[in-house]
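So you know, we letter chains A, B, ... as the sequences are listed, proteins then strands, and number each from 1.
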Protein chains: 2
Amino acid sequence: MEDQDDPALPGFDLDRFTPYRLSVAAERASEGLARLYRVRFGISVAEWRVLAHLEHSGNVSVRDIEARVALEKSKVSRAASRLEAAGLIAKAVDPADRRLVQLSLTPKGRALMAEMLPVALGFQEEIEARLGDAFAGFEQGLQRLLDDMEDKDDPSA
Amino acid sequence: MEDQDDPALPGFDLDRFTPYRLSVAAERASEGLARLYRVRFGISVAEWRVLAHLEHSGNVSVRDIEARVALEKSKVSRAASRLEAAGLIAKAVDPADRRLVQLSLTPKGRALMAEMLPVALGFQEEIEARLGDAFAGFEQGLQRLLDDMEDKDDPSA
DNA sequence: TTGACATCATTGCAAATGCAATGAATAACG
DNA sequence: CGTTATTCATTGCATTTGCAATGATGTCAA
């Protein structure tokens, strides 16, 4: 009973818990950008990732994107369908392996990316400016986390 | 036409885009911990956050948690209902303001937290160990991001 | 070749999510 | 007081999500 409000507990503070902090920061950053994309271009985060990857890597299969862009394959598939319906990408069966679907930007999709990229780059610059001299260290840590979690994402095994 | 596969485009690389990196890192970190909690304790991330906040701060209203723990109020409400059904927390109408619901850990809830906290702390230690000397810089950057986004979460606003 | 197994994209479906009511209670202000 | 706003927690509902089929293709070895 005395430990009901006993401050001498382990004293766990969620605010100092890295997974939580990471989650909140990511949520807010992605959400800020997501709102921009949604209201200005009608594009979701998943769709943005697919477009960005296509802009960067040319024709790719759904499977490639799934692995490359940290998106469930059903999410990629549905995003691709919406993008195709919007005329932003084209789907084509790979002639070499007919199980694969090659996605590629249409001219309209490329034009949209030309509008969206400056927004993304501006957002990135904004973040770097806000972090200032902390940016380098932050990115280094982030990189190390991403490297470690590349396949196994459970640090305590 | 020539820019179909022209590498001289803006050359945007999603992998260097901080919001994306942050999102992937957060997703993987949270998911690793989430799996542990789910399989070992049957607890979701939202439920974990509610429990952790209660353990740390004693009785709190749903509203408090919503603000404090970066969770939609409907999510808090539903998490609280599940936790109550599981006998881990108690809900009580605040006598001073009967709109508020005071949440508090039951003995069973406190016992569960006593089991879960070491797991969380171990996870945290693991992360710190993996980051090594990059941890301090990483946390500093993260803190700066969180500060900046406290109310307005759109850096390019 | 043929048959067992693997891989790919899509889709069905149950569960989770976000947002906009809803209803209860309080605060603000004349 | 009485009336109008505001705050709080919950819930309804449409959308999104994740996961497990499904079907269509490819691979490999007997």
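- Put simply, CZ on B:Arg63 is 15 Å from P on D:dT6, counting in whole angstrom units.
- For the pair B:Glu115 (side chain) and B:Leu112 (backbone), a donor-acceptor distance under 3.5 Å is absent.
- Note on ring orientation: taking the six-membered ring where Trp is involved, the planes of B:Phe12 and A:Trp48 are tilted (angle from 30° to 60°).
- In this structure, A:Arg38 contributes its side chain and A:Ser44 its backbone to no donor-acceptor pair below 3.5 Å.
- Looking at A:Thr106, its side chain does come within 3.5 Å of a backbone N or O of A:Gly87 through a donor-acceptor pair.
- Of the residues in residues 64-76 of chain A, those lying under 4.0 Å from DNA chain C by heavy-atom distance are A:Lys73, A:Ser74.
- Five base pairs at each end of the helix from C:dT1-D:dA30 to C:dG30-D:dC1 define two local axes, and these are offset by 20° (rounded to 10°).
- Remark: P of D:dT15 and CZ of A:Arg78 are 14 Å apart, rounded to the nearest angstrom.
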Which side-chain N or O atoms in residues 89-96 of chain A pair as donor and acceptor under 3.5 Å with protein atoms at least two apart or in another chain?
{"from": "A:Lys91", "atom 1": "NZ", "to": "A:Ser81", "atom 2": "OG", "distance (Å)": "3.3"}
{"from": "A:Asp94", "atom 1": "OD1", "to": "A:Ala96", "atom 2": "N", "distance (Å)": "2.7"}
{"from": "A:Asp94", "atom 1": "OD1", "to": "A:Asp97", "atom 2": "N", "distance (Å)": "3.4"}
{"from": "A:Asp94", "atom 1": "OD2", "to": "A:Gln102", "atom 2": "NE2", "distance (Å)": "3.0"}

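- With respect to B:Arg130 and A:Asp147, no salt bridge is recorded, no charged nitrogen being found less than 4.0 Å from a carboxylate O.
- Under 3.5 Å, the side chains of A:Arg110 and A:Ser104 contain no donor-acceptor pair of N or O atoms.
- Linking ILVMFWY side-chain heavy atoms closer than 4.5 Å, directly or via other members, places A:Val50 and A:Val119 in a single hydrophobic cluster.
- Within the 4.0 angstrom heavy-atom criterion, no nucleotide atom of any strand lies near A:Ser81.
- Counting only N and O atoms by type, the side chains of B:Arg21 and A:Gln143 include a donor and acceptor under 3.5 Å apart.
- In this structure, B:Ser44 reaches neither bases nor backbone, as no heavy-atom distance under 4.0 Å exists between it and the strands shown.
- A heavy-atom distance below 4.0 Å to DNA chain C is reached by these residues of residues 84-92 of chain A, ordered by number: A:Lys91.
- Under a 4.0 Å N-O distance rule, the pair A:Asp13/A:Arg16 qualifies as a salt bridge.
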With side chain to side chain donor-acceptor pair (under 3.5 Å) as the criterion, how do A:Ser23 and B:Arg49 come out once you've worked through the C-alpha distance, each side chain's angles and the decisive distance to 0.1 Å? CA-CA 12 Å; A:Ser23 171; B:Arg49 287 192 191 173; 2.9 Å; yes
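- The interatomic distance linking A:Arg82 (CZ) with C:dT11 (C1') rounds to 14 Å, in whole Å.
- Checking B:Arg35 against B:Ser30 by side-chain atom types alone, no donor-acceptor pair falls below 3.5 Å.
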Check: residues 66-78 of chain A side-chain donor-acceptor pairs under 3.5 Å, at least two apart:
{"from": "A:Glu66", "atom 1": "OE1", "to": "A:Arg63", "atom 2": "NH1", "distance (Å)": "2.9"}
{"from": "A:Arg68", "atom 1": "NH1", "to": "B:Asp15", "atom 2": "OD2", "distance (Å)": "3.1"}
{"from": "A:Arg68", "atom 1": "NH2", "to": "B:Asp15", "atom 2": "OD2", "distance (Å)": "2.7"}

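- Closest to the side chain of A:Leu100, out of C:dC8, D:dC13, C:dT10, is C:dC8.
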Heteroatom pairs (N/O) under 3.5 angstrom, protein to nucleotides 25-27 of chain D:
{"from": "D:dG26", "atom 1": "OP1", "to": "A:Arg98", "atom 2": "N", "distance (Å)": "2.7"}
{"from": "D:dG26", "atom 1": "O4'", "to": "A:Arg99", "atom 2": "NE", "distance (Å)": "3.3"}
{"from": "D:dG26", "atom 1": "O4'", "to": "A:Arg99", "atom 2": "NH1", "distance (Å)": "3.4"}

